[in-house]
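Just follow the structure's listing: the first ligand is 1, and inside any ligand the first atom is 1.
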Amino acid sequence: MHLARFAPVRFAHLPTPLEPLPRLTEALMTKGGGGPNLWVKRDDCTGLAGGGNKTRKLEYLLGDALANDADTLITQGAIQSNHVRQTAAAAARFGLACEIILEHRTGSNAQDYNHSGNVLLDELLGAKIRTVAGGTDMNQALAEVASEVAERGGRPYVIPGGGSNIIGALGYVECALELVAQANEIGLEIDRIVSATGSAGTHAGLVAGLAVMGADIPVLGIGVRAPKDVQEANVFRLAQDVAELLGHRERVTREMVVADCDYVGRGYGLVDEAVIEALKLAARTDGLLLDPVYTGKAMKGLIALARKGAFDGETVVFLHTGGAQGLFGYQTELEGELA
Ligand SMILES: *Cc1c(COP(=O)(O)O)cnc(C)c1O
């Protein structure tokens, strides 16, 4: 698989570590000794202004933006978007301007949610931010900002929400290759990969990468927003398109795409008791900082499924996609819940 022909620019700290989670494994062990042997792939440590999964996507997207002689990156996300933070950092790094549209998706009026966490970092990184109401057509909003930039003589490059198009998803094809190589090196047989799945690029890139290289490792996406049928359809479509770009569309089959969307709770970006339990358990067993929107929800799902015996005897790699910077946007929500 010749990913170099897509000319990514390099700034991520790769490979990210693959580490065991011995104390979380022990905490999830059932009375009969069942439960998963848990490992974590540390994509929270990709190195760009706090890191996270968008950094791998941005290596490919920035490669494309620079090849197209862009001078302004434009993207969008929810107020506490990690994708926006990493895009703002990538823009700074390459001397590009950055126009951001933040959507009031959760409806929170809290001071910390709207100004701390990722928002504070977006501002620090020099992005130009505008906010729009929840439910705004964000693709249209991106197009409008792009024409504004072009009208004043700029050269815009639009990155979709989450960086999830075929170019961005190549970052997770690369992650799949990297993970399989790491596991082979240490003789680890991975039975399953578990990851949060949102705008679909991470999940689709992993599935496409594993399928194209012929690695028979199932990926379980834990949904954070859309219902199962919508999420799986989005991931499947993108995974097929990515595999096609790599010359092997037929290798991605519908059964390879599995999302469990039973752990979304009250909605995107809204925390509940089980999310807080997951944040506390990961922190207090293996010192792992998860986030309230994505990895905390994915871990909520992983914990519930492990307790039901879904992973008994399996070696499970949890993909840590980052997001801990968002914790500071949820101080009000978490206050009093951490005892
Ligand atoms: C964006 C994001 C995800 C979801 O990845 P997608 O490619 O959008 O599905 C998961 N975790 C974190 C921390 C994120 O910021």
### For ligand 1, the portion of S164 having any non-hydrogen atom under 4.0 Å away
side chain

### Task
Measure the distance from atom 5 (O) of ligand 1 to every protein heavy atom, then report the residue, atom name and distance (to 0.1 Å) of the closest one.
N53 ND2, 3.0 Å

### Query
Is any N or O atom of K57, backbone or side chain, closer than 3.5 Å to an N or O atom of ligand 1?
yes

#### Entry: Under-4.0 Å salt bridge between D122 and R85
no

### Query
For atom 13 (C) of ligand 1, which protein heavy atom lies nearest, and how many Å away is it?
G322 O, 3.1 Å

### Message
Quick test: of every protein heavy atom, which one is nearest to atom 8 (O) of ligand 1, and how far off is it to 0.1 Å?
### Response
S199 OG, 2.5 Å

### Task
Indicate, as side chain, backbone, both or neither, the part of H203 found under 4.0 angstrom from ligand 1 when only non-hydrogen atoms are considered.
neither

### Message
I'd like to check whether T197 has a polar contact with ligand 1, where a contact means an N/O of the residue lying under 3.5 Å from an N/O of the ligand.
### Response
no

### Task
Determine, for E244 against R251, whether the closest basic-nitrogen to carboxylate-oxygen distance falls under 4.0 angstrom.
no

### Query
How close does the nearest protein non-hydrogen atom get to atom 10 (C) of ligand 1, and which residue and atom is it?
T321 OG1, 3.1 Å

### Query
When you check the gap from the basic side-chain N to the acidic O, do K297 and D272 get nearer than 4.0 Å?
no

### Message
Any carboxylate oxygen within less than 4.0 angstrom of a Lys/Arg side-chain nitrogen, looking at R307 and E277?
### Response
yes

### Task
Side-chain contact test, heavy atoms from C-beta onward, threshold under 4.5 Å: evaluate it for I190 versus V316 and give yes or no.
no

#### Entry: Residues K41 and E19 bridged, charged N to O under 4.0 Å
no

### Message
Can you tell whether the side chains of R130 and E103 come within less than 4.0 Å, N to carboxylate O?
### Response
no

### Task
Give the atoms of ligand 1, by number and element, whose distance to some non-hydrogen atom of N82 is under 4.0 Å.
13 (C), 14 (C), 15 (O)

### Query
Relative to the heavy atoms of G323, which atoms of ligand 1 are at a distance of less than 4.0 Å?
13 (C)

### Query
Salt-bridged, R152 to E99, with N to O below 4.0 Å?
yes

#### Entry: Nearest non-hydrogen protein atom, atom 2 (C) of ligand 1
K54 NZ, 2.4 Å

### Message
Show the atoms of ligand 1 that are less than 4.0 angstrom away from any heavy atom in G201.
### Response
7 (O)

### Query
Any non-hydrogen atom of G198 lying under 4.0 Å from ligand 1?
yes

### Query
Which value, rounded to the nearest 0.5 Å, describes the distance between L245 atom CG and I166 atom CD1?
5.0 Å

